[in-house]
Amino acid sequence: MTTDVRDTVFRVRIAPLPDGLHQETHHPSAEDLGLDPEVFSGIEVDLRLDVAERRVLAAYTARATARLECDRTLEMYDEPVEADHAVLFSADAQPDGDDPDDDLLPLDADALAIDLTAPVHDTLLLALPLRRVSPAARAAEIPTTFGEPDDDDDSPADHRWAALRGLRPDGDPDSSD
């Protein structure tokens, strides 16, 4: 299940914060971030806010446990994921269409909160490993040959190649050269 990130909200209040550095820890739900709750759990966002007049720099570390399917064994396993990111909210920033890759977002002069839904959503999705291998499968030996080992070195490794060997200039399908 994937929820449209535009329908969800992870907002951080900035109205009571004086200028300076502030640290907060938040525990938004997967639904708050538009993520699949069957995949993401235990989400934690360590947020460092640098508040100044007309701008807020939100640097954060997002952590979660992701329930993934192993590429080798097809078994489900839990993988901790973590990533850092920063977004600058500025009164001088001009909206640039719907560019989701922009880390410079506009800040209204009378803003009481900043919306970190899309940045944290994207950060956690990008933190997922491309190659998903469970810890139990990482040390397992992967078979690279099929069938029983052939003790006869003169016989072809695979009988299906015999027809191609017959195309050789000597025409002997059993010739190994």
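What you see below is based on every heavy atom in this structure, not just the backbone, and it leaves out hydrogens, waters and symmetry mates.
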- Message: Under 3.5 Å, is there a donor on one side chain and an acceptor on the other for E24 and H26?
- Response: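 A pair is found: one side chain offers a donor N or O, the other an acceptor, under 3.5 Å apart.
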
- Look up atom CG in L88 and atom CG in D103, then write down how far apart they are to the nearest 0.5 Å.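 Atom-to-atom, L88:CG and D103:CG are 9.5 Å apart.
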
- Work out which heavy atom in V9 is nearest to a heavy atom in R11; give both atom names and the distance.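 In this case the closest contact between V9 and R11 is CG1-CG, 3.2 Å.
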
- Query: Any side-chain heavy atom of L68 within less than 4.5 Å of one from P129?
  - Reply: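 Of all side-chain heavy-atom pairs linking P129 with L68, at least one is under 4.5 Å.
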
- Side chains of D78 and T65: do they bring a donor and an acceptor to under 3.5 Å? no

- Task: Check the pair D50, R55 against salt bridge (charged side-chain N to carboxylate O under 4.0 Å, His left out), reporting the backbone distance first and the verdict last.
- Result: CA-CA 8 Å; D50 183 2; R55 71 161 182 79; 3.6 Å; yes

- Quick check: does any side chain N or O of R48 sit under 3.5 Å from a backbone N or O of A58, one acting as donor and the other as acceptor? no

- Task: Begin from the C-alpha positions of L49 and L17 and carry the test side-chain contact (heavy atoms from CB on, under 4.5 Å) through to its verdict.
- Result: CA-CA 9 Å; L49 295 171; L17 300 176; 3.6 Å; yes

- Just checking, any donor-acceptor pair under 3.5 angstrom between side chains of T25 and D46?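 The answer is yes; a qualifying pair exists.
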
- Does the side-chain contact (heavy atoms from CB on, under 4.5 Å) test come out yes or no for T117 and D32, once each step is laid out? CA-CA 7 Å; T117 306; D32 290 343; over 6 Å; no

- Task: Without swapping roles, check the side chain of D71 against the backbone of R132 for a donor-acceptor pair under 3.5 Å.
- Result: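 The answer is yes, because a donor-acceptor pair under 3.5 Å joins these two groups.
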
- Non-hydrogen atoms of L35 and H121 that approach each other most closely: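 For L35 and H121, the tightest heavy-atom pair comes out as CD2-CD2, 3.3 Å.
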
- Message: Using modelled atom types and a 3.5 Å cut-off, is there a donor and acceptor pairing between side-chain atoms of D108 and backbone atoms of D110?
- Response: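 Not a single qualifying donor-acceptor pair exists.
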
- Query: Between L47 and L116, does a side-chain contact (heavy atoms from CB on, under 4.5 Å) hold up when you go through it step by step?
  - Reply: CA-CA 10 Å; L47 182 62; L116 290 172; 3.8 Å; yes

- Item | Hydrophobic cluster identity match, V120 and L57, side-chain contacts under 4.5 Å | no

- Tightest non-hydrogen contact, residues I43 and P28, listed as CB-O, 3.4 Å

- Does P119 offer a backbone N or O that forms a donor-acceptor pair with the side chain of Y60 under 3.5 Å? yes

- Query: Is the number of heavy atoms from other residues, nucleotides or ligands within 6.0 Å of CZ (R67) greater than 12?
  - Reply: yes

- Please report the C-alpha distance between R138 and E79 in whole Å, then the side-chain angles of each, then the deciding distance to 0.1 Å, and finally whether the salt bridge (charged side-chain N to carboxylate O under 4.0 Å, His left out) criterion is met. CA-CA 13 Å; R138 290 178 188 151; E79 176 83 29; 3.0 Å; yes

- Query: Which heavy atom of A30 sits nearest a heavy atom of F40, and at what distance?
  - Reply: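 Where A30 meets F40 most closely, the heavy atoms are CB-O, 3.8 Å.
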
- What pair of heavy atoms forms the shortest contact from A64 to L124, and how long is it?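 Closest approach of A64 to L124, heavy atoms only: CB-CD2, 4.1 Å.
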
- Message: I need the minimum non-hydrogen distance between A127 and V81, along with the two atoms involved.
- Response: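 What the structure gives for the nearest pair is O-CG1, 3.8 Å.
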
- Is there a side-chain contact (heavy atoms from CB on, under 4.5 Å) between E44 and E82 once you walk through the steps? CA-CA 9 Å; E44 180 179 279; E82 178 178 326; over 6 Å; no

